[in-house]
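Quick note on labels: first sequence line is chain A, next is B, and so on, each numbered from 1. The basis for the numbers below is simple: all heavy atoms, side chains too, and nothing from hydrogens, waters or symmetry mates.
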Amino acid sequence: MHERLNPRTDYEKKWQEDWDKTGVYHWQEVACGASFSIDTPPPTVSGSLHVGHVFSYTQTDILARYQRMCGKNVFYPMGYDDNGLPTERRVQQVFGITCNPTLPYDPHWTPKKNPPKGPLQEVSRRNFVEACLLLTQEDERAFEDTWQQLALSIDWRQTYSTINPHCTAMSQRSFLDMLHTGHVYQVEAPTMWDVDFKTAVAQAELEDRVMPGAYHHIRFELQDGGDLVIVTTRPELLPACIAVVAHPDDTRYTHLFGRYAISPIFGATIPIIASSHADPEKGSGILMVCTFGDQADVAWWKFSDLPAKQVLGLNGRFMPVVFGQDPFGSRDCARAQESYDMLVGLKVAAARTTMGTLLGEALIKPPEPIEHPVKFYEKGDSPIEFMTTRQWFVRLLDKKQALLNQGQLIQWHPDFMKSRYTNWVEGLNQDWCISRQRYFGIPFPLWYPLDGGGNPDYDHPIFATPDQLPLDPQSTAPVGFDESMRGKPNGFMGDPDVMDTWATSSLTPQLMSHWGQDKARHNQLFPMDIRPQSHEIIRTWAFYTIAKSWIHHKDIPWGHVLISGWVLDPDRKKMSKSKGNVVTPQALLDHYSADAIRYWAGRARLGVDTSYDESVFQIGKKLTTKLLNAAKFVKMQLENLSSVSLDTLPVHLEPMDALWIAQLQQVVELATKALDQFEYATALETIEKAFWTFCDHYLELIKGRAYQETGAKQRSALVSLEWSLGIFLRLFAPFLPYVTEEIWSWRWAPIHPSIHKAPWPIYPKDVAINASLWDAVLIILAEVRGAKTRAQKSMKHPVKALTITCPHAIAEGLRFLEDDLKRAGSIGSIGYTEIAHPAVTVEVILDD
RNA sequence: GGGCGGUUAGCUCAGUUGGUAGAGCACCUGCCUUACAAGCAGGUGGUCGUAGGUUCGAGCCCUGCACCGCCCACCA
């Protein structure tokens with residue numbers, strides 16, 4: 001009997017193409033009136049999208065569609081974050097190339113997939129970037145296909161990738177602007193360093209991992225007799241020990257301050273110094289300071305006059321040093337050198353083992369195994385080390401209060417997520433290191449002059465002029481120089497570093513507003529309205545964006561931050577590619593339809609993690625089918641209605657219709673208010689509930705009148721049906737764009753070609769709602785149906801008599817609704833017992 | 001160690017300013033009813049993590065605790 005409707009094959013493709021063709025989602029650059037701009041997260045392009053993307057992007061799209069229907073000029077772009085390490089790794093693998101930034105650009109070279117095995121081919125940075133672009137563009141096309149199918153209402157003309165010339169120029173402009181206003185500086189100092197990627201990293205990219213370690217109790221002899229025992233988890237840094245410190249109030253050690261200890265094996269004379277950062281409760285209360293074991297060592301060293309003893313190389317291996325020379329001075333150079341040479345070339349973990357052996361009796365007891373948190377670069381495999389290198393920093397510590405204030409000016413959804421931001425800013429302890437010793441990224445727009453000996457003069461960099469942007473200093477010469485002077489004495493060299501990927505991502509609002517390029521556009525779009533993102537990057541993306549916006553504009557970047565939850569697998573862990581068996585969005589879209597997937601995303605509230613549960617897709621699919629069937633029924637009835645109208649109600653309505661219409665008007669009000677607060681899930685819940693009430697109760701109440709009656713009674717039913725469907729479709733449109741557009745086209749396309757540009761339904765200021773009467777109707781229906789079910793009779797089984805016990809006012813109302821009630825319940829007669837109590841009870845007597 | 005969430009039916013989750021515990025899924029029963037059996041009707045099922053407090057009244061407000069998760073922390 002029933003038609004089979006497969007959402008995807010029947011209409012999804014059709015509407016996707018139609019929207020693309022008609023440009024229904026286009027932003028109007030010259031439009032006046034209210035606008036709504038979205039700082040879309042640019043997904044990392046390295047592999048494929050996962051369900052988490054579908055989840056959060058759909059939530060943003062729901063809000064975009066709502067605002068568009070409210071008449072806003074919606075700016076909804078898409079970006080791709082394609083620079084950074086993940087892409088670098090893939091390009092290396094796919095094309096068999098590696099970057100040598102000192103090589104010149106080769107315009108004739110083209111990347112080839114499936115390279116022969118063997119050593120990686122070295123190419124210039126510009127060639128490397130071209131290879132990265134080639135690869136990421138393929139991925140971006142695949143991303144766009146999925147986004148299109150999911151029906152994200154993006155203006156695809158507003159698309160960017162973070163490595164493209166536009167974003168390169170913008171990032172470099174940002175750098176130069178910060179330079180000229182004194183917000184960036186360069187310094188050679190101990191910096192957090194990843195030894196595998198051989199690059200500096202920033203505080204925001206750190207994570208703690210609990211790792212096994214061991215307390216080593218090491219005895220130091222004192223220069224003038226006696227000894228002391230320090231406890232350390234990093235015995236391998238003993239040759240880099242520069243001091244022994246204890247708390248000034250620690251009476252166990254106060255007599256030692258000002259005296260000297262002799263380091264075991266290396267025989268160095270080590271000052272014993274009072275320092276309040278030593279905690280008497282920890283270890284033996286006295287500890288060694290090494291260059292550099294941790295951040296505390298760095299901080300302490302900076303305030304001391306002691307020289308650094310650098311033993312770890314940039315590759316994380318012990319590098320050769322010569323004892324007997326300052327600062328490695330030793331009483332027994334030969335023994336020190338002999339022992340140290342056993343460490344040279346080793347990584348930290350191996351050196352720790354070797355040192356354990358070397359220490360021998362200086363270890364007063366076997367190492368005591370512990371587990372402790374260790375800092376890692378979030379993408380790295382080895383613990384962070386502190387290396388003295390030259391890096392560029394953005395000043396943040398001097399702006400903490402201002403940035404806290406900016407965070408207060410932004411509305412966070414949910415509000416408690418603001419505390420994540422506040423906590424992070426309060427805990428900031430370093431400026432932002434933005435230079436990375438990598439290749440695929442935005443180069444710094446600067447060069448260093450070379451002296452007569454060919455050595456760079458780092459203190460007098462040559463900066464690019466604004467008209468040179470975008471540029472790669474490895475391929476472009478500074479003003480006043482010629483390419484032939486590159487690398488030559490008295491010539492120049494380009495800065496070999498690239499910027500932290502967040503240095504670009506933190507400019508997404510400006511990238512889209514064309515800051516510094518198009519004043520009118522910038523003023524129209526900046527600050528933006530909403531920034532959707534997930535909570536784990538509040539400390540990076542949100543924070544850096546707020547910081548840059550403050551630095552460049554003394555303004556907030558957007559009015560609202562919307563924090564999406566995570567999709568959790570049934571073990572309550574975040575779903576991720578690395579965990580395997582992840583369902584691809586494409587498979588889900590094909591199996592359940594885009595509308596069903598969107599329904600799942602729309603049910604989840606902002607900031608709340610959601611379990612991955614496919615039964616919810618099933619519910620979404622059921623809802624779209626129900627919509628189609630209900631609409632099909634309404635359409636059939638409306639063949640008796642000559643003219644098409646939207647939102648027009650006649651003066652005369654049958655009482656049942658007026659009663660229902662007021663109910664639905666209230667739903668419009670609730671849904672609208674929820675969506676204005678970005679509470680799309682609340683709106684969906686309200687709309688959905690009303691829709692099932694419409695189908696199960698209202699339709700059943702009036703269907704008989706619609707096809708049995710004629711004249712005014714029928715017409716009232718038909719108009720109410722048309723009006724209700726017009727409302728429901730638009731309420732659902734942000735959530736279920738395909739099925740609503742399909743049904744819309746059956747009737748209203750001549751008035752508004754696309755539902756997605758149709759006006760959002762309005763509601764009267766004071767809805768004349770009679771909730772208690774409507775509730776009474778529902779109670780009567782339920783009682784009649786319940787009686788039939790309990791008697792195991794069909795729903796059309798006749799009711800001989802119905803007695804309703806209710807207050808006078810309700811009875812008065814019900815008398816006007818009797819015709820519809822009788823027809824819907826096959827009820828013979830209805831009697832009333834009026835009472836003072838507000839409760840409504842019903843007695844049902846069935847026919848035999 | 002600090003901060004922020006969460007704990008409600010077997011599962012996934014709602015629960016507006018305190019006023020008699022809700023939905024969907026699952027399960028059970030019945031019903032072919034002129035949109036829909038991919039449907040409809042009805043039903044079983046919860047001392048709302050825990051111990052106190054405030055209140056006439058607490059899932060909701062206050063305090064302590066437990067467990068789960070996230071974020072952060074100079075981690076000797």
Side-chain angles (χ1 to χ4, degrees), chain A residues 1-5 206-211 213 215-216 218 230-234 245 277-279 281-290 293-300 370-375 383 414 416-424 426-427 429 535-536 538-539 565-566 568 570 572-574 600 603-605 607-616 618-619 621-637 670 674 681-682 685 688-689 692 695-696 699-700 703-704 707-708 781-782 784-797 824 826:
Chain A
M1 270 302 273
H2 60 280
E3 286 175 54
R4 278 182 164 270
L5 286 161
L206 298 183
E207 66 181 28
D208 284 356
R209 297 181 200 164
V210 175
M211 302 293 288
Y215 287 142
H216 292 68
I218 303 175
I230 62 101
V231 180
T232 182
T233 54
R234 301 208 59 180
V245 301
H277 93 277
D279 182 350
E281 302 292 318
K282 285 187 182 168
S284 56
I286 188 162
L287 67 148
M288 67 174 183
V289 175
C290 304
D294 59 23
Q295 201 171 334
D297 287 348
V298 175
W300 190 88
I370 56 158
E371 295 225 308
H372 63 156
V374 179
K375 283 202 186 308
F416 67 78
M417 286 294 179
K418 181 163 64 184
S419 62
R420 300 278 187 102
Y421 173 83
T422 306
N423 285 353
W424 174 254
E426 285 170 345
N429 57 29
H535 49 76
E536 81 275 17
I538 288 175
R539 68 172 179 172
W566 279 348
L568 305 177
R572 309 296 299 176
K573 299 288 180 196
K574 187 188 179 188
W600 164 70
R603 287 224 319 189
R605 289 165 157 70
V608 177
D609 296 342
T610 293
S611 286
Y612 180 78
D613 179 0
E614 296 206 4
S615 69
V616 180
Q618 208 64 258
I619 301 167
K621 200 170 181 180
K622 205 173 103 173
L623 175 61
T624 60
T625 304
K626 190 75 172 177
L627 253 173
L628 279 168
N629 282 322
K632 209 171 64 184
F633 171 76
V634 173
K635 185 184 172 216
M636 275 165 51
Q637 306 308 319
L670 292 172
T682 303
E685 194 180 17
E688 189 185 4
K689 185 163 183 272
W692 286 96
C695 292
D696 296 341
L699 276 186
E700 294 299 327
K703 67 202 296 185
Y707 51 61
Q708 285 170 7
L781 275 183
V784 169
R785 289 163 168 175
K788 292 177 183 179
T789 298
R790 279 188 294 278
Q792 304 199 352
K793 300 290 188 188
S794 146
M795 283 301 127
K796 62 182 182 184
H797 188 87
S826 310

Please list, pair by pair, any protein nitrogen or oxygen found under 3.5 Å from a nitrogen or oxygen in nucleotides 29-35 of chain B.
from	atom 1	to	atom 2	distance (Å)
U33(B)	OP1	K796(A)	NZ	3.4
A35(B)	OP1	K703(A)	NZ	2.9
A35(B)	N6	C695(A)	O	3.1
A35(B)	N3	N629(A)	O	3.2
A35(B)	N3	A630(A)	N	3.2

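- Taking atom C1' in both A14(B) and G2(B), the straight-line distance is 32 Å, to the nearest Å.
- M417(A) places its CE atom 17 Å from the P atom of G69(B), with the value rounded to the nearest Å.
- Between the P atoms of U50(B) and C60(B), the separation comes to 11 Å (whole Å).
- Contact record, M417(A) with G607(A): CE-O, 4.1 Å, taken as the closest heavy-atom pair.
- Partners of E688(A) according to the salt bridge (Lys or Arg N to Asp or Glu O under 4.0 Å) rule, which considers only residues two or more places apart in sequence or in another chain, do not exist here.
- Under 4.0 angstrom from either OP1 or OP2 of C70(B) there lies no side-chain N or O belonging to R420(A).
- Looking at heavy-atom distances under 4.0 Å, D279(A) makes contact with a base.
- Across the C1' atoms, A9(B) and G49(B) are found 15 Å apart, a figure rounded to whole Å.
- Here R790(A) pairs with nothing under the side chain to side chain donor-acceptor pair (under 3.5 Å) rule; sequence neighbours left out.
- Going from atom CD of E207(A) over to atom C1' of C70(B) covers 13 Å, rounded to whole Å.
- At least one side-chain nitrogen or oxygen of K622(A) sits closer than 4.0 Å to the OP1 or OP2 atom of C25(B).
- The S615(A) side chain lies nearest to C25(B) when the options are C25(B), C40(B), C74(B).
- Distance, L206(A) CG to C72(B) P: 9 Å, rounded to whole Å.
- Across all strands, H535(A) comes closer than 4.0 Å only to sugar-phosphate atoms, never to a base (heavy-atom distances).
- Taking the C1' atom of each, G69(B) and C31(B) are spaced 46 Å apart, rounded to whole Å.
- If you take OH of Y612(A) and P of C25(B), they are 19 Å apart, rounded to a whole angstrom.
- The side chain to side chain contact (heavy atoms under 4.5 Å, CB included) check on F416(A) picks up P414(A), with sequence neighbours excluded.
- Across all strands shown, A782(A) has heavy atoms under 4.0 Å from sugar-phosphate atoms exclusively, and none from any base.
- Remark: the separation of the P atoms in G18(B) and C4(B) is 22 Å, to the nearest Å.
- Picking from A38(B), C70(B), C72(B) the nucleotide with the shortest atom distance to the side chain of T625(A) gives A38(B).
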Its dot-bracket string being built from Watson-Crick and G-U pairs below 3.5 Å, with | for another strand and [ ] for crossing, RNA chain B has the pattern (((((((..((((.....[..)))).(((((.......))))).....(((((..]....))))))))))))....

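- Along RNA chain B, the nucleotide closest to I619(A) and the one closest to W692(A) are compared, and the more 5′ of them pairs with I619(A).
- Going from atom CD of E614(A) over to atom P of A26(B) covers 14 Å, rounded to whole Å.
- When heavy atoms are screened at a 4.0 angstrom cut-off, K375(A) is found touching base atoms of the nucleic acid.
- Evaluation of the side chain to side chain donor-acceptor pair (under 3.5 Å) rule for Q708(A) yields no partner, not counting sequence neighbours.
- Ranking C4(B), C13(B), C70(B) by closeness to the S611(A) side chain, first place goes to C13(B).
- The same atom, C1', is picked in G15(B) and in U8(B); the two are 9 Å apart, to the nearest Å.
- For the pair I230(A) and S284(A), the tightest heavy-atom approach, listed with the atom from each and the gap, is CA-OG, 3.7 Å.
- Applying the side chain to side chain donor-acceptor pair (under 3.5 Å) rule to S419(A) yields no partners; only residues at least two apart in sequence or on another chain are considered.
- In this structure, the CZ atom of R209(A) is 17 Å from the C1' atom of C70(B), given to the nearest Å.
- If you measure from atom NZ of K621(A) to atom P of G39(B), you get 12 Å, rounded to the nearest angstrom.
- Taking R603(A) as the reference, nothing meets the salt bridge (Lys or Arg N to Asp or Glu O under 4.0 Å) condition, with sequence neighbours excluded.
- In terms of the side chain to side chain contact (heavy atoms under 4.5 Å, CB included) criterion, residue partners of D279(A) (sequence neighbours excluded) are, by chain and number, E281(A), K282(A).
- Comparing the P positions of G19(B) and C62(B) gives a spacing of 15 Å, expressed to the nearest Å.
- Residue V616(A) is classed as having no contact, given no heavy-atom separation below 4.0 Å to the nucleic acid.
- Among the atoms of the strands shown, none is found under 4.0 Å from any heavy atom of W300(A).
- Atom-to-atom, CG of L628(A) to C1' of A38(B) comes out at 12 Å; the value is rounded to the nearest Å.
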A correct 5'-to-3' footprint of nucleotides 6-11 of chain B, with B, S and - meaning base, sugar-phosphate only and no protein heavy atom under 4.0 Å, is ------

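- Comparing G24(B), C4(B), A14(B) against the side chain of S419(A) picks out C4(B) as the nearest.
- Only the C1' atoms considered, U7(B) is 25 Å distant from C27(B), to the nearest whole Å.
- Nearest heavy-atom pair across A630(A) and C695(A) is CB-SG, 3.9 Å.
- A donor atom on one side chain and an acceptor atom on the other are found under 3.5 Å apart for S615(A) and D613(A).
- Residue contacts shown for R539(A) are limited to sugar-phosphate atoms, with no base heavy atom under 4.0 Å away.
- Residues meeting the side chain to side chain contact (heavy atoms under 4.5 Å, CB included) test with P383(A), sequence neighbours left out: V374(A), F376(A).
- Within 4.0 Å of R603(A), counting heavy atoms only, lies no atom of the nucleic acid at all.
- Take K626(A) and apply the side chain to side chain donor-acceptor pair (under 3.5 Å) test, not counting sequence neighbours, and it matches no residue.
- Between W300(A) and H277(A), the two ring planes are tilted [angle within 30° to 60°].
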